[in-house]
*Asks:* 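Handing you this structure, nothing more for now.
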Amino acid sequence: MPTVAIVDDDEAVREALGDLLMVSGLACECFEGAAEFLAARRVRQFDCLVTDIRMPGMSGIDLIERLRDERAELPVIVLSSVLDDATRSHALAIGARAWLTKPVTDEHLLGALAQAIASSGSSSKR
C-alpha cells in the first residue's frame, strides 16, 4: 500500500487529508512541518509528499528545493491557498508534480496522487 506524507501546519487540514487518504486505501503520515518530515524520511520510505507552501520554519518551496538538492525521487504535490503564479511556476520548475489550490475536491487530489505515485513507480520498489 502506498504511503503518502502530508506536511501542513494546519491541524484541521492534516486531519481531513489523513481521513480522506485512509478511506481511499492509502496509508499516510502527517507532519506539522518540514523539519519533522525530513527527520522521519531518514528512517521511513514515502511514495508521495503533499505539502503546503506557507508554513513556519521551512516553507514548502524550501522543502521541495531540499529534496531536489538531495536528488530525492519522491513525487511532490503542492496543496496551497497561495494564488501567486510566480510561486506556482517556481514550484513546478523545481520538481513539484502538481499544484492544487485549496479547497480542492477529493477527486482532484486523489487523481493527482494516483498519477504521481504511478509515474514514479515508487510503490513497486517496496
Side-chain angles (χ1 to χ4, degrees):
M1 174 184 322
T3 302
V4 177
I6 299 168
V7 180
D8 196 307
D9 60 318
D10 185 328
E11 183 177 3
V13 170
R14 288 193 311 270
E15 287 180 5
L17 290 176
D19 290 347
L20 171 64
L21 297 187
M22 285 189 284
V23 300
S24 300
L26 294 167
C28 71
E29 192 167 335
C30 297
F31 302 93
E32 189 172 348
E36 293 87 352
F37 164 71
L38 290 169
R41 191 173 159 269
R42 292 186 195 111
V43 295
R44 296 233 19 238
Q45 178 181 336
F46 297 98
D47 297 293
C48 192
L49 166 65
V50 176
T51 186
D52 193 5
I53 290 296
R54 291 188 184 139
M55 299 181 289
M58 183 183 288
S59 73
I61 293 290
D62 293 336
L63 176 56
I64 297 167
E65 288 176 339
R66 170 91 171 261
L67 293 171
R68 181 199 60 192
D69 292 347
E70 293 177 2
R71 301 194 191 301
E73 295 184 23
L74 181 68
V76 178
I77 294 172
V78 173
L79 179 59
S80 181
S81 59
V82 174
L83 299 176
D84 177 40
D85 283 339
T87 304
R88 178 185 181 278
S89 295
H90 180 64
L92 295 171
I94 62 174
R97 299 279 177 99
W99 177 287
L100 306 177
T101 304
K102 293 176 185 174
V104 66
T105 65
D106 294 352
E107 294 78 20
H108 197 177
L109 176 60
L110 292 172
L113 278 167
Q115 188 173 27
I117 291 168
S119 67
S120 73
S122 60
S123 59
S124 63
K125 293 178 184 173
R126 286 185 173 264

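In what follows, every heavy atom counts, from backbone to side chain, and hydrogens, waters and symmetry copies are set aside.
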*Asks:* For residues 5-25, tabulate all N or O donor-acceptor pairs below 3.5 Å that involve a side-chain atom, not counting sequence neighbours.
*Replies:*
from	atom 1	to	atom 2	distance (Å)
D8	OD1	D10	N	2.8
D8	OD2	K102	NZ	2.9
D10	OD1	A12	N	2.9
D10	OD1	V13	N	3.3
R14	NH1	D8	O	2.7
R14	NH1	D9	O	3.4
S24	OG	L20	O	2.7

*Asks:* For E36, is the CD atom crowded, meaning more than 12 foreign heavy atoms sit under 6.0 Å from it?
*Replies:* yes

*Asks:* Heavy-atom distance under 4.5 Å between the side chains of M58 and E65, does that happen here?
*Replies:* no

*Asks:* Using every non-hydrogen atom in the two residues, find where T51 and G60 come nearest and quote the distance to one decimal.
*Replies:* OG1-CA, 4.0 Å

*Asks:* CZ/R66 to CD1/I64 distance, rounded to the nearest 0.5 angstrom?
*Replies:* 13.5 Å

*Asks:* Where is the tightest heavy-atom contact between A27 and M1, given as atom of each residue plus distance?
*Replies:* N-SD, 3.3 Å

*Asks:* Could you tell me which non-hydrogen atom of A116 sits nearest to which non-hydrogen atom of P75, and how far apart they are?
*Replies:* O-CG, 3.7 Å

*Asks:* Enter the distance from W99:CH2 to I77:CD1 here, rounded to the nearest 0.5 Å.
*Replies:* 13.0 Å

*Asks:* Can you tell me how far CG of D52 sits from CD of E32, rounded to the nearest 0.5 angstrom?
*Replies:* 12.0 Å

*Asks:* Rounded to the nearest 0.5 Å, how far apart are CD1 of I117 and CG of L74?
*Replies:* 9.5 Å

*Asks:* Hey, what's the ring geometry for F46 with F37, parallel, tilted or perpendicular (30° and 60° as the breaks)?
*Replies:* tilted

*Asks:* Hey, is CZ on R68 packed in by over 12 heavy atoms from elsewhere, all under 6.0 Å?
*Replies:* yes

*Asks:* Of D47, L100, V4, which is the lone residue that meets side chain to side chain contact (heavy atoms under 4.5 Å, CB included) with L113?
*Replies:* V4

*Asks:* Any side-chain heavy atom of L49 within less than 4.5 Å of one from F31?
*Replies:* no

